[in-house]
Structure formats: C-alpha cells, structure tokens
A.B. asks: 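One structure, pasted below without further comment.
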Amino acid sequence: MPELPEVETTCRGISPHILEQTIVKVIIRAPKLRWPIPKKISKLLPGKQPISIERRAKYILLHFDIGTLIIHLGMSGRLQTLFTHTAPGKHDHVDIVFANGCCLRYTDPRRFGCMLWTEEPALEHDLLRKLGPEPFSKEFSAKYLFEIGCKRKVPIKNFIMDSKVVVGVGNIYASEALFAAKINPVTPTNEVTKDQFTILIKHIKAILRKSIKQGGTTLKDFLDNSGKPGYFSQQLQVYGRDGEPCNICGTAIESVTLGQRNTFFCPSCQPQ
DNA sequence: ACTTCGACCTGTTGGC
DNA sequence: TGCCAACAGGTCGAAG
C-alpha cells in the first residue's frame, strides 16, 4: 500500500486530530508485527500528548516529551482516525485512544509494518540513521546521484529504490519517474548521464508532489485516515498497464522483473 | 563495498 | 465451484 505520498497523506490526515491531545489508553492486540510492539508503551503513553508529527522516509514519527513512537505501514498498513467506537477487526492491531474521543487505529493485514518506541533522538535510531536524503531535499541533486551512481552497476530502477541512495521512491513511482524521464529501467546506473539524472530527479520530485496532492495512489486498498482513497492511480502512465498502449506513442507497455519486483516501461519511449 | 536473495505475513486473483 | 500457485504498494539482514 503505502509509498511516500501515502505516508505523507496519512501524516497530514491524522495530525489535526491527535496533536496536543491527551492519550487515555493504548490497546495492543497484535502478537507481533515485523518486530514486537514494545508492551511498555501502554504504560508510558497514557497521560501524554504527541507534541509533533514528522515523516522521515516512510516512517511516521510521533514525538512525545519522553520519546518517539516510530510507525511504519509496511506493505499493507493503515492508520485511521475513528470518532465513534467500532469493534476491532482481525487486523486492527493497535488502538490509541485520546481524551478528545479520537481513536487512532493501526491496521495491517500482512504485518510487515512496525511500531517501535525510542527514547533516543529518533533520527539516530538504527532504522533511520543510515537512510539516504529525502527526495524533496536540496541534497537530493543530480550531482549527488551522479557521484554515487557512477560506481554502481545495478539497473537504474533498483538504484533509485535503494533507501541508502534516496528514500521514499517505491515500486510504483520508480516505474513512473523513469517513464517520465524516458530512461529504460534496466539501464546500468553507471551508464546514466548527468543530464539524464537531472531530468530524472526533476520527475521524481514532481511525481511524488503531484501524488501527495491527489492523496496518494490507491491500487487496491489504500485509504487515508478518514477512509478516502487516493486518486493518483488515475494518472499512472505505465504501472500495472502491461500490454496496454503507451499514452504517448501507442506502443504496448511491457513489464520486466527487476530486484524481484514488477517493473513497467514503454519500449519505444524508453529505449535501451 | 556492492549485489542478490530469502524472509517476514495474509488476502486476492487467475488459471486449470 | 474449488483448489492452488502466483502475486501484492516494503525492507531487513545474511550470504555471495
């Protein structure tokens, strides 16, 4: 489900309902997600208020004065804000109940996500420390990409999906950005020119921004905190369009497996 | 240091 | 209709 735009959409959606609101109760139902949810948060958090919310890569950071809750939605996770009590479903693993009546509910059928607690500065947590730059940062430049990319032979698609290179470019947007930049996804990274990197970066930023504006991409089941789908899927040019005509030239979109992930491209607009 | 690949889970889909 | 394999938006960590 969630790539960066979906996570950003979620952060923006939950923030007004939970910031500076006092937690009454934390109910943990899942035995474990990717890692066990620390039980102590149900003792630590009641009486406390999230003072800020931050997104780093696809992690959602809920900051308290005593520490930070680190949340990842994995492949199928979702955070909802409920205002009337609803009986928890099979995959509703955590409820954080606030004094204002809001219940922040964490749902994740595949349990690839995580919910962790740290009392250290969150950005120094093992999971976050070695991440690459944010895609919207100044640091994410053609010069930067070219300098590290010229030593790498992996296909360019794998390269831009590597979170040590840049965070937040997932499987959908990697295909979309490469299509927009007219670069074939299997091109070895060290064969991508600096000019191409300049174009690619521009499109990565633009596509992510545009998708955030549309509330993310709903392929099957992404819903934001209030239950609304994202609308960016209507703008996908290649992802999931195997065999359909390219919107630019009419050639049939093809797919190839890269890094065990399905990859879509137009063989004519993105020649090798 | 770079790259590949298995692993973690459940639900849905499509072929036979 | 039913069964089963393949696949799904992520990413860690072991092994080559």
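Note that these values count all heavy atoms, side chains included, but never hydrogens, waters or copies made by symmetry.
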A.B. asks: Reading DNA chain B 5' to 3', what string of ( ), [ ], | and . shows its pairs, if Watson-Crick and G-U wobble pairs count only when both distances fall under 3.5 Å?
C.D. replies: .|||||||.|||||||
A.B. asks: Going by heavy atoms closer than 4.0 Å, what residues in residues 160-171 of chain A are next to DNA chain C?
C.D. replies: A:Gly170, A:Asn171
A.B. asks: Distance check needed: C:dC12 C1' versus A:Lys58 NZ, whole Å only.
C.D. replies: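 After rounding, the gap between these two atoms is 14 Å.
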A.B. asks: Just checking A:Arg152: base, sugar-phosphate only, or nothing, at a heavy-atom cut-off of under 4.0 Å?
C.D. replies: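 The answer is sugar-phosphate, as A:Arg152 gets under 4.0 Å only of primed atoms, P, OP1 or OP2.
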A.B. asks: Using the P atom on both, measure B:dG11 against C:dT1 and round to a whole Å.
C.D. replies: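 Between the two P atoms, the distance is 22 Å.
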A.B. asks: Between A:Glu124 and A:Arg129, is the closest basic N to carboxylate O distance under 4.0 Å?
C.D. replies: no
A.B. asks: Under 4.0 angstrom, heavy atoms only, what part of the nucleic acid is A:Lys153 near: base, sugar-phosphate, or nothing?
C.D. replies: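 Sugar-phosphate contact only - A:Lys153 comes under 4.0 Å of backbone atoms but never of a base.
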A.B. asks: Would you mind classifying the nucleic acid contact of A:Tyr59 as base, sugar-phosphate or nothing, using non-hydrogen atoms under 4.0 angstrom?
C.D. replies: sugar-phosphate
A.B. asks: Hey, are A:Arg78 and A:Asp224 close enough for a salt bridge, meaning a charged N less than 4.0 Å from a carboxylate O?
C.D. replies: no
A.B. asks: Using whole Å, what does the distance between atom C1' of nucleotide C:dC12 and atom CE of A:Met75 come to?
C.D. replies: 13 Å
A.B. asks: Using the P atom as the reference point in each nucleotide, state the distance between B:dC9 and C:dC3 in Å, no decimals.
C.D. replies: 26 Å
A.B. asks: Please work out which residues in residues 226-243 of chain A have a non-hydrogen atom less than 4.0 Å from an atom of DNA chain C and list them by number.
C.D. replies: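 DNA chain C contact set from residues 226-243 of chain A: A:Tyr239.
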